[in-house]
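Take a look at the structure set out below.
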There are 2 protein chains.
Amino acid sequence: MVEIFKALAEESRLRILAILMEDEMCVCEIEECLKMTQSNVSRHLTALKNSGILDSYKKAQWAYYKVSNKFKEDNQDLWLYLVKKLKESPNYHKDLDECQNCKRIDLCDVRKP
Amino acid sequence: MVEIFKALAEESRLRILAILMEDEMCVCEIEECLKMTQSNVSRHLTALKNSGILDSYKKAQWAYYKVSNKFKEDNQDLWLYLVKKLKESPNYHKDLDECQNCKRIDLCDVRKP
DNA sequence: TTCGCATATGAGTATTTACTCATATATATT
DNA sequence: AATATATATGAGTAAATACTCATATGCGAA
C-alpha cells in the first residue's frame with residue numbers, strides 16, 4: 001500500500017496516470033503530450049510500473065504503457081477515487097487537449113496506417 | 001490530491017492513521033503505542049493535519065487528534081480503501097494490541113477518572 | 001512566580017527523490 | 001555492418017524528507 005501511495009505522491013506521475021486513464025500510450029506520445037523529457041517520462045513510467053499501477057509491452061522499438069487491470073481489480077476503491085479526482089485536477093483538460101493535438105502527428109508505429 | 005498522497009506515502013504515518021481509525025488519541029498515547037519519539041509523532045501528526053486528513057483539539061496541555069470528518073466525506077472512496085488496507089497491513093494487529101496495553105496506563109487527562 | 005508536564009518547533013544529519021544530460025541497449029532499415 | 005530511432009539507465013546536482021536531540025512554548029499545579 002505505501003508503495004502505491006509513494007508512486008502517486010508526485011504531480012508528474014499523476015499527470016501521466018490521468019492521460020493513461022483514457023487509453024494506453026507509447027513513451028514518445030506521453031513525452032509529446034506532457035512536454036516532458038524522454039528520460040523523465042521513462043523513469044516515472046518505471047516507478048508506476050514497479051508499484052503495480054501500470055503494465056507495459058514492447059512493439060519493436062516502441063514501449064506502450066497502460067493501467068494494470070490487476071491494479072484496478074485489487075484496488076477498486078482507490079481506482080474509483082483516482083478516476084474522479086484526476087478529472088478534477090488543474091492540468092487535466094489542458095493535458096487532454098494537448099493529447100488530441102498529438103494524435104494528429106504520427107509519432108510511433110501504432111499511429112501509422 | 002497529491003498533498004494527500006504525499007502525506008500517506010510514509011509507513012509511520014500509515015501506522016498512526018491505522019490506530020486513529022478506531023478512536024481519537026492524544027500525542028502521548030500514540031508515542032507509547034507505536035514506540036516513537038514524541039517529536040517524531042508530533043511532526044507526523046502535523047503533516048497529516050496539514051494535508052487535511054486529521055483534525056486536532058487541545059485540552060489543557062494535551063493535544064488530541066482524530067480523523068477529519070470532512071476528509072471522510074470529501075474522499076469517501078479513498079477512506080474506504082484506507083480502512084480496508086490498513087487493517088491488512090503487517091503492523092496493524094501488533095500496534096492495536098500495544099494500544100490495548102497502553103490504555104491500561106494513565107497517560108493523559110482523558111484517561112484519568 | 002516557580003516548577004512540572006505535554007507538545008510544537010529549531011537545527012543538524014543522513015537518506016531519498018526529482019530532474020537533467022549523456023549514453024547504453026534494443027529494434028529496424030539500408 | 002553502418003545508420004537511425006526509441007527507450008532504459010548511469011551519473012551528477014539540487015531539493016525534499018525522515019529522524020534525532022535540544023529547547024521554546026503552552027498549560028496547570030503548587
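Numbers restart at 1 for each chain; the letters A, B, ... are given by sequence-line order, proteins then strands.
At whole-Å resolution of the value, CG in Asn50(B) and C1' in dA18(D) are 16 Å apart. The nearest whole Å value for the distance from the NZ atom in Lys6(A) to the C1' atom in dT17(C) is 11 Å. Counting to the nearest Å, the C1' atom of dC19(D) and the CD atom of Glu10(B) are 10 Å from each other. Rounded to an integer number of Å, the gap from CG of Leu34(A) to P of dC19(C) is 12 Å. In this structure, CD of Glu32(B) is placed 11 Å from P of dA6(C), rounded to the nearest angstrom. Between the C1' atom of dC21(D) and the CE atom of Met36(B) lies a distance of 16 Å, rounded to the nearest Å. In this structure, CD of Glu11(B) is placed 10 Å from P of dC19(D), rounded to the nearest angstrom. Atom C1' of nucleotide dA18(D) and atom CZ of Arg15(B) are separated by 14 Å, given to the nearest angstrom.
No donor-acceptor pair under 3.5 Å is formed between the side chain of Ser42(A) and the backbone N or O of Gln38(A).
Separation of atoms CD (Glu31(A)) and CG (Leu45(A)) is listed at 10.0 Å; rounding is to 0.5 Å. Asp95(B) CG to Ile16(B) CD1: the interatomic distance, rounded to the nearest 0.5 Å, is 10.0 Å.
Phosphate contact (OP1/OP2 of dC19(D), side-chain N/O of Ser12(B), threshold under 4.0 Å): present. Contact between the side-chain N/O atoms of His44(B) and the OP1/OP2 oxygens of dT17(D) is not found at any separation under 4.0 Å.
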Do Tyr65(A) and Val41(A) pass the side chain to side chain contact (heavy atoms under 4.5 Å, CB included) test, and can you show the C-alpha distance, the side-chain angles, and the key distance before you say yes or no? CA-CA 11 Å; Tyr65(A) 287 77; Val41(A) 170; over 6 Å; no

Apply side chain to side chain contact (heavy atoms under 4.5 Å, CB included) to Phe5(B) and Leu82(A), showing your working. CA-CA 11 Å; Phe5(B) 287 133; Leu82(A) 280 168; 3.7 Å; yes

In B/S/- notation, 5' to 3', how is nucleotides 7-13 of chain D contacted by protein heavy atoms closer than 4.0 Å? BBBBB--

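Each of Asp55(A), Leu17(A), Leu48(A) was compared with Val67(A) under the side-chain contact (heavy atoms from CB on, under 4.5 Å) criterion, and only Leu17(A) meets it.
In the set dA18(D), dC27(D), dA18(C), the nucleotide with an atom closest to the side chain of Arg13(A) is dA18(C).
Classification of the Tyr57(A)-Tyr64(A) ring pair by plane angle, with boundaries at 30° and 60°, yields parallel.
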